[in-house]
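Heads up, the thing below is written out as structure tokens.
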Protein chains: 2
Amino acid sequence: MSITIYDVAREANVSMATVSRVVNGNPNVKPTTRKKVLDTIERLGYRPNAVARGLASKKTTTVGAIIPDISSSFFSELARGIEDIASMYKYNIILSSSDQNQDKEVHLINTMLEKQVDGIVFMGGQITDEHIQQFNSAHVPVVLAATKDDTKHIPSVNIDYEKAAYEATTDLIERTKEQPALITGGKHVQANGYKYQGYVRALEKAGIELDESYIFENETTYNGGIDAAGEMLEKGKRPKAVFVTTDEMAVGVIHGLQDANIQVPEDVEVFGFNNTRVALMVRPTLTTIVQPMYDIGAVAMRLLTKYMNKEEVEENTVILPHRMIERDSTK
Amino acid sequence: MSITIYDVAREANVSMATVSRVVNGNPNVKPTTRKKVLDTIERLGYRPNAVARGLASKKTTTVGAIIPDISSSFFSELARGIEDIASMYKYNIILSSSDQNQDKEVHLINTMLEKQVDGIVFMGGQITDEHIQQFNSAHVPVVLAATKDDTKHIPSVNIDYEKAAYEATTDLIERTKEQPALITGGKHVQANGYKYQGYVRALEKAGIELDESYIFENETTYNGGIDAAGEMLEKGKRPKAVFVTTDEMAVGVIHGLQDANIQVPEDVEVFGFNNTRVALMVRPTLTTIVQPMYDIGAVAMRLLTKYMNKEEVEENTVILPHRMIERDSTK
DNA sequence: ATGAAAGCGCTAACAA
DNA sequence: TTGTTAGCGCTTTCAT
């Protein structure tokens, strides 16, 4: 059927071991033999079988990546970061979307372990004890990307969400001298919890008493933003500013306001989060927090390669810097 | 080290074959033995090694997906379609971005074949003879998604780009009675070629002589759109309408025009292509052609499963329907 | 520098 | 219904 290492060995009058050596770049091969082998590989069109190699060597050079939704621009940029570094280190990626569904997550991790991935990059909303247990029972390293593990047992790469939210809220308060509304996704997503905390801390710091009726929860989508803005207006809330925990949602908020003839930023300032591509694709352009998604993915993958190579790692919880970009949706 | 099928067999007092049978759901196992085996699997925490299985069975239940750029929303939706169907059929996906670079593409295909994927879904700009040769020498089926093979040798799933572009252009002409500008990506991408043809055919049909100076080529990105709009205005071209071959670029065109104080659609109508999420995230909302990306991915993957199961396939070149959505960027 | 041979963990005849 | 056994294609000691 297919050409095997054995065929090459026979044709080249050497042993399988020698063929294996030249295929794997082992230097202990006489140049002339190497050439001979290389020639017959070429001639026969031999293609090494990575599955057999994986079985024999116990390394597959593939890593698993679990992501909430590959079609979300936020996560797909992260995925690209992972991928670029992975391919730099000659790894392939088995990519799966989990929709943040814990059963799916558990199942995916299991499948990937069955496939003998050399490591896993995990992105999700919430890390539970079950996750931690599964990660520990896996005999391969796991790194969390843009996903917090409060216990710090699992290596992870993030930005400081609390601080970023604090800064955004403070920025808004400095100009408006009042509580900005908060439009956010569900609290079950850990990052939202941190953002909420930062928001609250900013109010405290400014000596403003928290009014919970200025907090709106909705889906973290464009339509969720529109709906949240609608709900806010319906309830008669007219804050001078809104802090929205994702850009896509923030764009929805902007349009929801504009559709009600409210000017951004003149009447209401809007502050986003993540600096996804849409932040620039809206008028007024969106002031937001830059969460370097690509970098998070890249750094997480780089970290994973270190674990896979059993290199020493100084710090297993990395916090990447974020920054604020002031655009036209705030004054 | 790890628990193997052999350990389970020993502990359960059966043969490896029996364990293999229960793991694979083979019905030829007495219920009591099945239970006994299942219990000891549970007790030992046995996890089947898919690599060994793949070597023995010559099936890996993983397929390769080659995509130009996973961080583009266009392709990431496609990827999601592929993924959903793949997981429905218990396949995993090795996903890699090629940046439409032919060397990378060739290399990726090769790596995936080494990894013994059971099939490949390929997305790219241009199918060359080298691709076709490589696909033919692969011993696994390949399906193209949103990618044309003019020779029709390789199965593919697409929409009719030429017709869609014809319809969009005609729609514009009906209102403006003149040649709309065409803002497009590079001609080396086959789909752009088809769109160009549709554009030209619409002009012919309307009896309008083609003026090439109304055609602008740029990167198919938001900024590419802004730049193309700028170039158009700079050259003193003031068409009543513009047909743009991707939405993201079209949003750039809209903003480029608006930034020059040109009203959309009052002064210039803008027509996009693809109906990606951004089409709704711009004001005015974008009139566009709905290319069902998710469906293309899903259908392509479904088609691939048929080939992998050696099922009969009636038609290997499938054209999915598209449609036009009129929104506010046109009159 | 090269070869022989024993696995890696599993599936799939074939036998019983 | 169950067990035996021969691979799958490669890596990796251990010799030579």
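Chain identifiers are assigned alphabetically (A, B, ...) following the order of the sequence lines, protein sequences preceding nucleic acid strands; residue numbering begins at 1 within each chain. Remember, it's a predicted structure, so these values are computed and weren't measured experimentally.
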Integer-rounded Å distance: dC8(C) P and Asn49(A) CG
18 Å
Which part of the nucleic acid does Ser20(A) contact within heavy-atom distance under 4.0 Å: base, sugar-phosphate only, or nothing?
base
Heavy atoms under 4.0 Å, any strand shown: does Val14(A) hit a base, just sugar-phosphate, or nothing?
sugar-phosphate
Please report the distance, rounded to the nearest Å, between CD in Gln116(B) and P in dC10(C).
19 Å
Working for side-chain hydrogen bond (donor to acceptor under 3.5 Å, both in side chains), residues Arg43(B) and Thr40(B)
CA-CA 5 Å; Arg43(B) 181 161 59 81; Thr40(B) 101; 5.0 Å; no
dT11(C), OP1 or OP2 - any side-chain N/O from Lys59(B) closer than 4.0 Å?
no
Toward the 5' end of DNA chain D, which comes first, Val23(A) or Ala52(B), by nearest nucleotide?
Ala52(B)
Modelled atom types, side-chain donor and acceptor of Gln190(B) and Thr147(B), under 3.5 Å:
no
Give a yes or no on whether a salt bridge exists between Glu312(A) and Lys306(A), defined as a side-chain N under 4.0 angstrom from a carboxylate O.
no
Are Lys115(B) and Thr60(A) linked by a side-chain donor-acceptor pair shorter than 3.5 Å?
no
Can you check the Arg53(A) CZ to dT12(D) C1' distance for me, whole Å?
13 Å
Here the distance between atom P of dT2(D) and atom CG of Asn24(B), to the nearest Å, is 16 Å
Out of dT11(D), dC10(D), dC10(C), whichever nucleotide has its closest atom nearest the side chain of Ser57(A)
dT11(D)
With respect to the phosphate group of dG9(C), does any side-chain polar atom (N or O) of Lys58(A) fall under 4.0 Å of OP1 or OP2?
yes
For the pair made of CD1 in Ile5(A) and P in dA5(C), what is the distance, rounded to whole Å?
17 Å
Under a 4.0 Å heavy-atom cut-off, which of residues 25-43 of chain A touch DNA chain C?
Asn28(A), Val29(A), Lys30(A), Thr33(A)
Whether Phe135(B) and Phe122(B) hold their rings parallel, tilted or perpendicular, with breakpoints at 30° and 60°
perpendicular
Within this structure, what is the CE-to-P distance between Met16(A) and dC8(D), rounded to whole angstrom?
11 Å
Bend angle of the helix from dA1(C)-dT16(D) to dA16(C)-dT1(D), from helix axes over five pairs at each end, nearest 10°
30°
Let me know the distance between OH of Tyr6(A) and P of dC8(D), rounded to the nearest Å.
11 Å
Any side-chain N or O of Thr18(B) below 4.0 angstrom from OP1/OP2 of dG3(D)?
yes
Let me know the distance between CG of Leu55(B) and P of dA6(D), rounded to the nearest Å.
17 Å
Would you tell me whether Asn316(A) and Tyr307(A) have side-chain atoms, one donor and one acceptor, within less than 3.5 Å of each other?
no
Nearest listed nucleotide, side chain of Arg21(A), among dT2(C), dC10(D), dT11(C):
dT2(C)
OP1 or OP2 of dG3(D) versus the side-chain N and O atoms of Ser15(B): is any pair under 4.0 Å?
yes
Side-chain H-bond candidate by donor/acceptor type, Asn192(B) with Tyr161(B), under 3.5 Å
no
Shortest non-hydrogen contact from Ile127(B) toward Lys148(B)
CG1-O, 3.4 Å
Verdict with supporting geometry, Asp39(A) and Lys36(A), salt bridge (Lys or Arg N to Asp or Glu O under 4.0 Å)
CA-CA 5 Å; Asp39(A) 285 351; Lys36(A) 186 172 59 178; over 6 Å; no
Under 3.5 Å side-chain donor-acceptor pair for Ser87(A) and Lys104(B):
no
